[in-house]
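One structure is given here, and the rest of the page talks about it.
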Protein chains: 2
Amino acid sequence: MKKYLEILKKCALFQNIEEEKLLTMLTCLGAQVISFDKKYTILTEGKPARYIGIVLTGSVQIIQIDYFGNRSILGNVLPSEVFNEAFACAEVESVPVTVIANEPSEIMLIDSDHILHTCSNNCGFHQQLIFNLMKDLAQKTIQFHRRIEITSKRTTREKLMAYLLSEAKRHNSAYFDIPFDRQELADYLEVERSGLSAEIGKLQKEGVLESHRKHFKLLQS
Amino acid sequence: MKKYLEILKKCALFQNIEEEKLLTMLTCLGAQVISFDKKYTILTEGKPARYIGIVLTGSVQIIQIDYFGNRSILGNVLPSEVFNEAFACAEVESVPVTVIANEPSEIMLIDSDHILHTCSNNCGFHQQLIFNLMKDLAQKTIQFHRRIEITSKRTTREKLMAYLLSEAKRHNSAYFDIPFDRQELADYLEVERSGLSAEIGKLQKEGVLESHRKHFKLLQS
DNA sequence: AAAAGTATGTTGAAAATTCAACAAACGGAG
DNA sequence: CTCCGTTTGTTGAATTTTCAACATACTTTT
């Protein structure tokens, strides 16, 4: 567990918890670490939502596949970030999403029971953990608002530009890589891949941006 | 305050808090009740996110208006339900949404500072309040997932049917009222009003549903 | 009860997206 | 380096949405 300490210290769930206590706490919580190969499924839609996940290395993708097989990508989770916490905390019967490893990844899983129901009065850090979980969930809600701001646009071009501008702002640079290939970006923006490619082509011709695969550069005009 | 007790007991924030303590607690939290006329603005986009709101009577709508003036409706909040908790808990500089009264409404506002920073160790109910807030935020995240499941559909018809089916499921009846007029439903589903009206007309002709204004009935086929 | 204002339905033309199919570019394995 | 599978770009036709404009239905006000 020790080797993940640096990552875990950055995790929103463990803010304001002393480093020495962290390892004890993880044992108390029954945290386990599992490795997944690229494209392997970490959590399957329809299964009980028992575990809170933390990405230690690699990255994972949250996807939703509807009745007709259409994929929506809800997000990308990077090291030290948390996933499935909402479903685990709400104690829903089954998760409505699938989580897959984007690349070879190490994932920490914590049984939400141990956070929500056990010894919540005994251990002082449990209170801090709950507080952190609340903060994290508030942050997640805000992320969803951002995504809705993007996907509520009506045209492919507007969605793409809203996404790229928000990424540029987030990276604090007009020059950044996105975590999606074209098909994935289309499934994130809720548009057609071919139409998306065409739109990126047009914007390049118009001198609005430069792009090569996952790399983008916004040009001021 | 007493006259709102029945509503407040149903509020997710106050679960597992004894009725007698609730009134004391509200005083301690500095809760205030304000009345708003129909269409009045309760919270304005861009302002600091200081207050957590609870609808006591009436109902409010959460809306987002983009640069070009396009409105998205993010949701409808009914008595005993909470709003703005995510922005208040995340302590963002400014809220990205506007909240307006749908009808004459009484709203309880609680300064989030009093929940997040004051006396969080002294008073035992504070811990319960934080726990409830966490549960509520988890629930909110799930609500967003549902909305994305609906708006990620590509055609007006699919969005409409996904919405109506989820409403029927929620009401446990094929027979229900929606909280939106046509324009509002269009802004919730992220489609054109005229196209939405046309689609509702078609579905009626096909015998899939019956509708008059806010009333809908799904017919099995 | 009439008038005024708002909401809903309807239409056709313009614009945009979707779909299917293929070619070109890329990246990894051997 | 070459081969092979995958990703990306491109195209044109079919479908769907958007937009503007107007008629009708419904509500509220006077």
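Because the structure is a prediction, the values reported are computed rather than measured. Each chain gets a letter, A, B and so on, in the order the sequences are listed, and its residues count up from 1.
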Report which part of the nucleic acid [X] touches: base, sugar-phosphate, or nothing (heavy-atom distance under 4.0 Å, all strands).
X	result
S194(B)	base
R193(A)	base
S197(A)	base

Under the 3.5 angstrom rule, does the side chain of Q204(B) hit a backbone N or O of G201(B) as a donor-acceptor pair?
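Flag not set: sc Q204(B) to bb G201(B) has no pair under 3.5 Å.
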What is the distance from [atom1] of [X] to [atom2] of [N], rounded to the nearest Å?
X	N	atom1	atom2	result
K202(A)	dA16(C)	NZ	P	7 Å
K159(B)	dT16(D)	NZ	C1'	12 Å
L196(B)	dA7(C)	CG	C1'	13 Å
K153(B)	dT16(D)	NZ	P	16 Å
L160(A)	dA16(C)	CG	P	15 Å
L189(B)	dT16(D)	CG	P	17 Å
E192(A)	dA13(D)	CD	C1'	14 Å
H215(A)	dA25(C)	NE2	C1'	18 Å

Run the salt-bridge test on D66(B) and K153(A) with the 4.0 Å N-O cut-off and return the result as yes or no.
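Yes, D66(B) and K153(A) are salt-bridged.
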Just compare dT16(D), dC26(D), dT8(D) and give me whichever is closest to any side-chain atom of H212(B).
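Side chain of H212(B) sits closest to dC26(D).
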Given dA16(C), dC26(C), dT10(D), the nucleotide with the shortest approach to the side chain of R213(A)
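Comparing dA16(C), dC26(C), dT10(D) against the side chain of R213(A), the answer is dC26(C).
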[X] atom [atom1]: more than 12 heavy-atom contacts under 6.0 Å:
X	atom1	result
R50(A)	CZ	no
E93(B)	CD	no
K39(A)	NZ	yes

Please check the phosphate of dT17(C) (OP1 and OP2 only) for any side-chain N or O of T156(A) closer than 4.0 Å.
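Result: yes.
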Respond yes when some side-chain nitrogen or oxygen of R157(B) is under 4.0 Å from OP1 or OP2 of dT16(D), and no when none is.
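No, R157(B) has no side-chain N/O under 4.0 Å of OP1/OP2 on dT16(D).
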